Every structure is written in C-alpha cells, then in structure tokens.
S.K.: 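Have a look at the structure that comes next, please.
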Amino acid sequence: METRTCAHSKTVQTRLVLPPDTNHLDSIFGGKILAYIDEIAALTAMKHSSSAVVTASIDSVDFLSSAKVGDSLTSEAFVTYTGRSSMEVYVKVTAHNLLKNEQTLTTESFMTMVAVDENGKPKPVPSVLPETDEEKRLFETAPARKENRKKRSMIR
Ligand SMILES: CC(=O)SCCNC(=O)CCNC(=O)[C@H](O)C(C)(C)COP(=O)(O)OP(=O)(O)OC[C@H]1O[C@@H](n2cnc3c(N)ncnc32)[C@H](O)[C@@H]1OP(=O)(O)O
C-alpha cells in the first residue's frame, strides 16, 4: 500500500465564536471544542485513507486556555502515525483575537480513527511520511502514546 505525507491529510477549519457557543463567562464550552475536534479528525483521517472512518478513541484533550465570543477559532489536524487500519490524528486549536491580533493555543488532542469498509470492519490504510520537524517529532513519539493506549485498555 502507498505512503502519504502528513501534508496530504492536513486540514484547517476556521470558525467565529458566537454567543450560543459560550458559557456565562463568554468562554466557549469544552463540549463544543470536542465536537469540532472530532469532526476535523474524521475529515483528516478520511483524506489520508480515502475511506470511511470511525472514532475509536480520544486519547487526551488538553484545554490550555479559553476562547471568547468574537474570537476566531482555527483547528488544524494531520495524521501523525498509522497502524494497519488505525490512524493517530493530532489536532490543535488556536484562538485569535482579531481586534488585538493576538493568537493563543487553546487546545491540543490526539485521537485514533479507524478506516472501515462497507460492513464497518477495519481495513488497511496507507502509511505516513513525516516531513517537517513537528511531523517527525509526533511520528517518533507516537509508539509511546500507542503503548499508553494499550496499557489504559488493560486496566479497565
Ligand atoms: C459509540 C459511538 O458511537 S462512538 C462514535 C463513533 N465511533 C464509533 O462508532 C466506533 C465504534 N467502534 C467500532 O466500530 C470498533 O470498535 C472499531 C472499528 C473502532 C474497532 O473494531 P475492532 O473489531 O475492535 O477491530 P480491531 O480489534 O481489529 O482493531 C482495529 C484497529 O483499531 C484499533 N483500536 C481498536 N480500539 C481502539 C481504541 N479504543 N483506541 C485506539 N485504537 C483502537 C486497533 O488497535 C486496531 O489498530 P490497527 O489495525 O492499526 O492495528
């Protein structure tokens, strides 16, 4: 099966934070960000695999700072590592205060998406070729995250 670069799957989405998305502190709800992350991870994994995908797990989501009403929120994602049918997707979300021209990293997440056939059964995916320093670092550290995932499933 062919190899695809991280750039091949890279996906960027920008949204405006609106009042219905926020709490009484004018900060966006964490659940809203989770929905955005899940959507972009699915798009990213579909691009990489040219296949339907499902979310197998959300490894970690770190909310590093808040995004406020009126900020633009940009999610960026790419496939960092692959197994036979699984793809690790890294997502980062940045809030941009357009009036002050200040950007803040608000959220980082690692998700596992699995390519599935028409019966919902896992199917093989292309391997991934990291090119930039960030892509190489995330590729090299992916086996350790995979190991943590395995350990977590063993202590259920
Ligand atoms: C409940 C919901 O609606 S959640 C929202 C949407 N998500 C879904 O509907 C997914 C529901 N889950 C499923 O369909 C299945 O559990 C699947 C497709 C994810 C896995 O199917 P299984 O029959 O367990 O397949 P299998 O054990 O062969 O695993 C397939 C791959 O998924 C990986 N995988 C399975 N479960 C997990 C998990 N919890 N976390 C990370 N990776 C996982 C495996 O390591 C394997 O990777 P590899 O092919 O790269 O080696």
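First listed ligand is number 1; within each ligand, the first listed atom is number 1. Since the model is a prediction, treat every value here as computed from it, not as a measurement. Residue numbers start at 1 and run along the sequence shown.
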S.K.: Within a distance under 4.0 Å of any heavy atom of Ser86, pick out the atoms of ligand 1 and give their elements.
M.R.: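 Counting from 1, the qualifying ligand atoms are 47 (O), 48 (P), 49 (O), 50 (O).
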
S.K.: Tell me which part of Pro122 gets within contact of ligand 1: side chain, backbone, both or neither, using heavy atoms under 4.0 Å.
M.R.: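 It is the side chain that gets close, since no backbone atom is under 4.0 Å.
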
S.K.: So if I apply the side-chain contact (heavy atoms from CB on, under 4.5 Å) rule between Thr94 and each of Thr106, Thr107, Leu105, which one comes out positive?
M.R.: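 It is Leu105, the one option of Thr106, Thr107, Leu105 that forms the side-chain contact (heavy atoms from CB on, under 4.5 Å) with Thr94.
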
S.K.: Establish whether atom 49 (O) of ligand 1 and some protein heavy atom are separated by less than 4.0 angstrom.
M.R.: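 Looking at atom 49 (O) of ligand 1, one finds that a protein heavy atom does lie closer than 4.0 Å.
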
S.K.: Could you pull out all residues at least two apart from Glu140 that satisfy side chain to side chain contact (heavy atoms under 4.5 Å, CB included)?
M.R.: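 Per chain and number, Glu140 pairs via side chain to side chain contact (heavy atoms under 4.5 Å, CB included) with Lys136.
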
S.K.: Within the protein, is there a heavy atom lying under 4.0 Å from atom 16 (O) of ligand 1?
M.R.: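 For atom 16 (O) of ligand 1 the answer is no, since every protein heavy atom stays at 4.0 Å or beyond.
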
S.K.: Assess whether a salt bridge exists between Arg149 and Glu88, defined as any Lys/Arg side-chain N lying under 4.0 Å from an Asp/Glu carboxylate O.
M.R.: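 Looking at Arg149 and Glu88, the cut-off is met.
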
S.K.: Taking C-beta and beyond as the side chain, do Thr14 and His96 meet within less than 4.5 Å on heavy atoms?
M.R.: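 Heavy-atom side-chain distance check fails, nothing below 4.5 Å.
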
S.K.: Return a yes/no value: protein heavy atom under 4.0 Å from atom 1 (C) of ligand 1?
M.R.: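 So atom 1 (C) of ligand 1 lacks protein heavy-atom neighbours under 4.0 Å.
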
S.K.: Out of all atoms in ligand 1, which are within 4.0 Å of some heavy atom of Thr112? Include the element for each.
M.R.: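 Close to Thr112: 41 (C), 42 (N).
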
S.K.: With the threshold set at 4.0 Å, does a side-chain nitrogen-carboxylate oxygen contact exist between Arg15 and Glu39?
M.R.: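 Here Arg15 pairs with Glu39 in a salt bridge, since their nearest N and O are under 4.0 Å apart.
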
S.K.: Of all the atoms in ligand 1, which lie at a distance below 4.0 Å from a heavy atom belonging to Gly83?
M.R.: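 In order of number, 50 (O).
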
S.K.: Do any N/O atoms on Arg149 end up under 3.5 angstrom from N/O atoms on ligand 1?
M.R.: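 No - when backbone and side-chain N and O of Arg149 are compared with those of ligand 1, no distance drops under 3.5 Å.
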
S.K.: If you measure every N/O of Lys146 against every N/O of ligand 1, is any gap under 3.5 Å?
M.R.: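 No - when backbone and side-chain N and O of Lys146 are compared with those of ligand 1, no distance drops under 3.5 Å.
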
S.K.: Quick one: nearest non-hydrogen protein atom to atom 41 (C) of ligand 1, plus distance?
M.R.: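 Answer, as residue, atom name and distance: Ser57 OG, 3.5 Å.
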
S.K.: Between Ile33 and Phe110, is there shared hydrophobic-cluster membership here, with clusters defined by ILVMFWY side-chain heavy atoms closer than 4.5 Å?
M.R.: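 No, separate clusters.
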
S.K.: Show, in sequence, the C-alpha distance, side-chain angles and deciding distance for Tyr90 and Glu108, and conclude whether the side chain to side chain donor-acceptor pair (under 3.5 Å) test is met.
M.R.: CA-CA 8 Å; Tyr90 170 65; Glu108 279 189 304; 2.4 Å; yes

S.K.: Report the nearest protein non-hydrogen atom to atom 13 (C) of ligand 1: residue, atom name, distance rounded to 0.1 Å.
M.R.: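 Result: Val54 CG2, 4.5 Å.
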
S.K.: Is at least one protein non-hydrogen atom found at under 4.0 angstrom from atom 44 (C) of ligand 1?
M.R.: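 So far as the 4.0 Å threshold goes, atom 44 (C) of ligand 1 is out of reach of every protein heavy atom.
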
S.K.: Name the closest protein heavy atom to atom 8 (C) of ligand 1, giving the residue it belongs to and the distance to 0.1 Å.
M.R.: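 In this structure, atom 8 (C) of ligand 1 has Thr55 O, 3.7 Å as its nearest protein heavy atom.
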
S.K.: Given the rule in the side chain to side chain contact (heavy atoms under 4.5 Å, CB included) test, do Met87 and Ser51 qualify, once you have shown the distances and angles that lead to the verdict?
M.R.: CA-CA 12 Å; Met87 293 158 275; Ser51 166; over 6 Å; no

S.K.: What atoms in ligand 1 come closer than 4.0 Å to a heavy atom of Val114?
M.R.: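 Counting from 1, the qualifying ligand atoms are 32 (O).
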
S.K.: I would like to know whether Glu134 and Lys92 meet salt bridge (Lys or Arg N to Asp or Glu O under 4.0 Å); could you show each step before the answer?
M.R.: CA-CA 12 Å; Glu134 180 187 41; Lys92 68 178 164 194; 3.2 Å; yes

S.K.: Among protein heavy atoms, which lies nearest atom 39 (N) of ligand 1, and at what distance?
M.R.: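 Here the nearest protein heavy atom works out to Ala56 O, 3.6 Å.
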
S.K.: Tell me whether atom 4 (S) of ligand 1 lies less than 4.0 Å from at least one protein heavy-atom position.
M.R.: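 Given the 4.0 Å cut-off, atom 4 (S) of ligand 1 does not count as touching protein heavy atoms.
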
S.K.: Say whether Thr44 and Lys10, considering side chains only, have a donor N or O and an acceptor N or O under 3.5 Å apart.
M.R.: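 Distance-only check fails for Thr44 and Lys10.
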
S.K.: Looking at atom 19 (C) of ligand 1, would you say a protein heavy atom lies below 4.0 Å from it?
M.R.: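 Yes, there is a protein heavy atom closer to it than 4.0 Å.
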
S.K.: Can you pull out the closest protein heavy atom to atom 30 (C) of ligand 1? Residue, atom name and distance to 0.1 Å, please.
M.R.: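 The answer is Ser85 OG, 3.5 Å.
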
S.K.: Determine the minimum heavy-atom distance between Pro126 and His48, stating which atoms define it.
M.R.: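 That would be O-NE2, 2.8 Å.
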
S.K.: Arg84 heavy atoms, cut-off 4.0 Å: which ligand 1 atoms fall inside?
M.R.: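 Those qualifying, in numeric order: 48 (P), 49 (O), 50 (O), 51 (O).
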
